[in-house]
Trainee: 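This is the structure I want to talk about, given as structure tokens.
Computation of the quantities below employed the complete heavy-atom set of this structure, encompassing side-chain atoms and omitting hydrogens, waters and symmetry-equivalent molecules.
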Amino acid sequence: MGRIKDFLNTKIVRNDETGEEGCLTWRETLSYALGRGAQGMCTSMTSSKYVNQFIANILFVALGDRAMDVTKRIRFYCGIFDAINDPVMGVLVDRTRTKNGQMRPYIKWAPFFVSAVMVLFFVGSGNAPLWFNILYTTVLFVMLDVTYTAFDIPMGALAFSITPDGVERTKLFGISSIVRAIVGAIPAALVSGAAFLPYLKDHQETAYLVAACISAAGIILLTRMTYKNTKERIAHHEDTPSVKQCLSLLFKNQPLFMLFLANLAFIFCKIPEQVSAFFVSDLMFNRKYNVAIDVIKAPGLFLAGIIVPKIIERFKEKVDSRKLYRLCCVCAILIHLVFAATTYSGLMKKGEEASVSLFTGILVVLFTGLSTIPLEFKNLIQKEMEVETVDYVEYKTGTRVEGIMLAIMSFTGKIENSFSASVGLDVLAKTKYTPHTNGSLVQNSATRWALFLLTTLAPVVGYLLMLIPMHFYRITGKEHRKMVEELAKRRAALAEEPEGALKETV
């Protein structure tokens with residue numbers, strides 16, 4: 001126990017690595033990462049491919065070919081509400097001043113509410129009256145949006161405030177992304193693994209409820225550790241910014257706007273995840289592949305979490321996030337093109353009622369894993385770019401508002417989820433997808449083509465579009481390092497004059 005305690009109290013960045021004293025210990029880093037894992041458990045249940053299948057193929061199965069259209073509408077309108085809710089929460093976080101900090105009070109209480117609502121959501125049953133299921137699903141989705149946002153925005157903003165050091169922050173992002181992937185995969189594994197179990201394979205609704213209950217308990221337990229062991233280190237001025245002041249900062253942040261546009265294009269890249277459960281059951285014709293597809297994504301997450309921090313640490317003075325981001329997009333485009341070319345025959349020319357051949361199944365799983373690598377590298381690099389935009393606004397205005405800036409990125413993330421789900425489900429609805437509770441069902445040719453194209457080639461369109469705003473993202477690695485140095489000097493000066501007011505510098 002003594003060795004474990006000593007390890008937890010050591011710094012994640014040592015003097016011989018950066019030449020500077022770090023502030024983050026392994027205890028604090030892992031505690032934050034476990035909170036991110038709790039986020040992963042929640043989104044794995046409520047924002048992934050499985051929730052689409054739960055609604056369309058269990059709650060709304062009685063609607064027949066209209067089930068997909070109704071599911072799409074609920075996901076779309078609730079998603080828009082959720083996205084609008086994010087900036088409101090961001091402003092609230094930036095205006096919060098308590099003895100426990102700005103973010104940590106929300107991390108303490110919000111998980112209890114999101115956990116309770118999540119369990120209630122999956123209590124829903126296809127045996128209930130249809131009108132009740134539609135009303136129940138809509139109301140519970142809105143409640144999920146509100147409660148999760150109250151937890152999600154503070155968790156994300158805490159990473160911006162937990163350390164001012166870029167190397168530490170990148171390591172924090174890398175470690176937390178790995179932990180989030182591992183912990184967040186637990187409920188998904190329970191749902192997909194049900195296909196192998198005698199009772200649950202024919203009672204998917206029970207598998208969902210069990211996974212939701214386990215996730216709810218995990219969310220509460222893990223976030224308590226985050227609240228207890230983390231610290232907000234970047235001081236904020238006592239004058240709380242007004243809503244108008246917070247929102248006005250958005251118009252001064254051109255780099256953030258470019259990230260916003262890139263995230264809108266990313267909608268096309270997220271469609272495969274939203275239709276993946278349908279792709280496996282209705283095109284591959286074998287639900288057992290869900291497990292392999294979920295597992296094969298892990299190496300990409302691990303590689304990104306390990307390699308990206310190493311790159312930042314090793315080439316600290318030369319790293320340019322924008323160039324790395326664009327390289328990830330190009331690699332992803334090539335992988336998806338080869339994915340489509342190599343699996344077309346095995347997926348589209350097989351017998352309609354036959355499971356894919358083992359060779360085709362291996363190819364699908366392999367390319368799913370390969371496509372995850374540039375995706376996760378891009379996601380982790382973007383985290384550092386988001387911090388760059390926060391530093392940019394502080395550099396330009398003298399005001400640091402992590403909450404509203406994180407809320408804007410979360411806003412685009414919610415837009416991505418709602419629009420990608422809506423587009424994917426709408427395409428399936430227009431091709432007359434036929435819902436089914438268990439097993440597999442032969443779909444028409446148009447639906448099978450839609451599943452193939454949405455999974456393999458839609459991301460190519462998204463990554464191509466993402467390259468356009470990245471051309472106009474103007475913060476280079478060199479410029480960001482100059483900003484960080486200047487901000488450090490300003491904070492030191494403010495520390496000597498604690499009563500001084502923040503002034504705009506431009």
Trainee: Check for me whether R104 meets the cation-pi criterion with Y227, that is, NZ or CZ under 6.0 Å from the six-membered ring centre and within 45 degrees of the ring axis.
Mentor: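 Pair R104/Y227 counts as cation-pi.
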
Trainee: Could you report the tightest heavy-atom contact between N444 and T447, atom names first, then the distance?
Mentor: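 Taking N444 first and T447 second, the nearest heavy atoms are OD1-N, 2.8 Å.
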
Trainee: Assign the ring pair F278 / Y433 to parallel, tilted or perpendicular, where the plane angle (0 to 90°) is split at 30° and 60°.
Mentor: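 Perpendicular: the ring planes of F278 and Y433 meet at over 60°.
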
Trainee: Indicate, with yes or no, if the rings of F419 and F76 have centres closer together than 6.0 Å.
Mentor: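 Yes; F76 has its ring centre under 6.0 Å from that of F419.
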
Trainee: Does T372 use its side chain to pair, donor to acceptor, with the backbone of T368 at less than 3.5 Å?
Mentor: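 Answer holds: yes.
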
Trainee: What verdict does the side chain to side chain donor-acceptor pair (under 3.5 Å) test give for E388 and Y473, after you've listed the backbone C-alpha separation in whole Å, the side-chain angles of each residue and the deciding distance to 0.1 Å?
Mentor: CA-CA 11 Å; E388 289 176 357; Y473 183 87; 2.7 Å; yes

Trainee: Looking at L190 and A207, what are the two nearest heavy atoms and their distance?
Mentor: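 Residues L190 and A207, closest heavy atoms: O-CB, 4.5 Å.
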
Trainee: So, applying side chain to side chain contact (heavy atoms under 4.5 Å, CB included) with L63, which one of V70, D69, T71 is it?
Mentor: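 One option only clears the test, and that one is V70.
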
Trainee: Sequence neighbours excluded, which residues qualify as side-chain hydrogen bond (donor to acceptor under 3.5 Å, both in side chains) partners of Y208?
Mentor: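 Scan of Y208 (side-chain hydrogen bond (donor to acceptor under 3.5 Å, both in side chains), adjacent residues dropped) gives none.
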
Trainee: So, T25 side chain and E28 main chain: donor-acceptor pair closer than 3.5 Å or not?
Mentor: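 Yes, the answer is positive, given that a donor and an acceptor are paired below the 3.5 Å cut-off.
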
Trainee: Do we get K378 above F266's six-membered ring, with its NZ or CZ under 6.0 Å from the centre and within 45° of the axis?
Mentor: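 Because its charged atom sits under 6.0 Å from the ring centre and within 45° of the axis, K378 does stack over F266.
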
Trainee: Does E386 offer a backbone N or O that forms a donor-acceptor pair with the side chain of T389 under 3.5 Å?
Mentor: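 Looks like yes, one N/O pair under 3.5 Å.
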
Trainee: Of all the heavy-atom pairs spanning M103 and L158, show the shortest one and how long it is.
Mentor: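 Nearest pair, atom of M103 first, then L158: CG-N, 3.9 Å.
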
Trainee: Suppose we screen for side-chain hydrogen bond (donor to acceptor under 3.5 Å, both in side chains). Which residues come up paired with R448, at least two apart in sequence or across chains?
Mentor: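 By the side-chain hydrogen bond (donor to acceptor under 3.5 Å, both in side chains) rule, R448 matches E352.
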
Trainee: Please list, chain by chain and in numerical order, all residues satisfying side-chain hydrogen bond (donor to acceptor under 3.5 Å, both in side chains) with K350, sequence neighbours excluded.
Mentor: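 Per chain and number, K350 pairs via side-chain hydrogen bond (donor to acceptor under 3.5 Å, both in side chains) with no residue.
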
